[in-house]
Number of protein chains: 2
Amino acid sequence: MDTTSGSVESGPAALRRTLHQRGLRMTPQRQLVLDAVRDLGHATPEQICAQVQQAAPAVNITTVYRTLDLLERIGMVRHTHLGHGAPTYSEQEHQHVHLVCHSCGSVTESPTDLMDGLAERLLAESDFALDASHVALSGQCRNCRDAEEDQR
Amino acid sequence: MDTTSGSVESGPAALRRTLHQRGLRMTPQRQLVLDAVRDLGHATPEQICAQVQQAAPAVNITTVYRTLDLLERIGMVRHTHLGHGAPTYSEQEHQHVHLVCHSCGSVTESPTDLMDGLAERLLAESDFALDASHVALSGQCRNCRDAEEDQR
DNA sequence: CTACTTGCAAAAACTTTGCGAGCTG
DNA sequence: CAGCTCGCAAAGTTTTTGCAAGTAG
């Protein structure tokens, strides 16, 4: 879908290109943070930092925060509020609805088209343009409901 | 304004009764925190603390945190994640879906039955029991969309 | 007296900011 | 050289914990 040869669109090239457009530099740290976000799926800054530090122990968590902020501003990652206080970061493309169990904390992913109907209603009834992938839905998963029933 | 005549079920009596069942005491601080939660609708611990301190300046924010935790455990308040890191507390009964605009930060409330269809699908397809009011939905409100269109 | 509560202070967890040094072009 | 980046240290926020004193039953 663009210029060069068969370079993978989501590879290092995309990052370097986007950065370069804005007079920013491509650095190992930035690549590592982006890789970590991809590998981990959705993770907190701290988890991402730990992952990055496996490859480059010297990387400071400050850099992780700054890089996540940067990557988000240039649209390569997004963050989602999963419930607790902890925002989690994931790739821009990696969009789905998060189902967080407030009993066991497990996170399940569902396709965003689950929300299509709701999105339409919100737009019609409340003039609100839903961003389906930004927020997690809270509830209770099968296991925890079963466990609770057993207790009774 | 209580005991004597037809005491309202959600008044101080309910709190005292519930606390007493568990060997806990009814204190001015606890009543004040509960009142503040009700008056404010949904508010952060800090906002609640400020409200409480209007009536009783000596109350420490530590007590507010502990009391909110307690009130939540005994089921008299619930907390909702509105997006940022900030949890907000509201009465147990006061349930609705929160729509948070990620452009201007405004919070709108919608009836939870908006989510009924979604809840059914989640239960059927993912065995997930949705708690509609616990998490806010993120998106963009009318004003901000209009503003963005104007820019173009 | 015993157990529950509270305020204060300190600690902990999480995030942001300032600054000097190092790179890159 | 000019500007972007990084690591380190410090400061800011928000929330939790420890402890001694106070209070109800």
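Convention: sequence-line order gives letters A, B, ...; per-chain numbering from 1. Atoms considered below: every heavy atom in the structure, side chains included; atoms not considered: hydrogens, waters and symmetry mates.
Contact of the L99(B) side chain with the S110(B) side chain is registered, since non-hydrogen atoms from C-beta on lie closer than 4.5 Å.
If you measure from atom CG of D69(B) to atom C1' of dT5(C), you get 14 Å, rounded to the nearest angstrom. Distance, E72(A) CD to dT16(C) P: 11 Å, rounded to whole Å. Taking atom CD1 on I74(A) and atom P on dC4(D), their separation rounds to 15 Å, with Å as the unit. Between the C1' atom of dA21(D) and the CG atom of N60(B) lies a distance of 15 Å, rounded to the nearest Å. Computed from coordinates, the Q31(A) CD to dT5(D) P distance equals 15 Å when rounded to whole Å. The distance from atom NE2 of H20(A) to atom P of dC4(D) is 13 Å, rounded to the nearest whole Å. Taking atom CZ on R73(A) and atom C1' on dT5(D), their separation rounds to 13 Å, with Å as the unit. Distance CG (L19(A)) to P (dT5(D)): 8 Å, rounded to an integer number of Å.
Among dG7(C), dC6(D), dT5(C), the nucleotide with an atom closest to any side-chain atom of Q29(A) is dC6(D). Closest contact between the side chain of L24(B) and the listed nucleotides dT5(D), dC4(C), dG7(C) involves dC4(C).
Note on ring orientation: taking the six-membered ring where Trp is involved, the planes of H94(B) and H42(B) are tilted (angle from 30° to 60°).
Taking only side-chain nitrogens and oxygens, R66(A) never comes nearer than 4.0 Å to OP1 or OP2 of dT15(C). For T27(A) and dT5(D), the shortest distance from a side-chain N or O to OP1 or OP2 is not below 4.0 Å.
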Tabulate protein N/O versus nucleotide N/O from nucleotides 23-25 of chain D, keeping only pairs under 3.5 Å, one per line.
none

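Remark: Q95(A) CD to T80(A) OG1 distance equals 8.5 Å, nearest 0.5 Å.
Note on L118(B): it does not cluster hydrophobically with L123(B), by side-chain heavy-atom contacts below 4.5 Å among ILVMFWY residues. At a threshold of 4.5 Å between side-chain heavy atoms, the hydrophobic network of Ile, Leu, Val, Met, Phe, Trp and Tyr places L70(A) and M76(A) in one connected group.
Applying the 6.0 Å contact sphere to CD of E46(A) captures no more than 12 heavy atoms from other residues, nucleotides or ligands.
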Under 4.0 Å protein heavy-atom contact, by nucleotide of nucleotides 10-15 of chain D - B base, S sugar-phosphate only: ----SS

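D116(A) has no carboxylate O lying under 4.0 Å from a charged side-chain N of R121(A), or vice versa, which leaves the two without a salt bridge.
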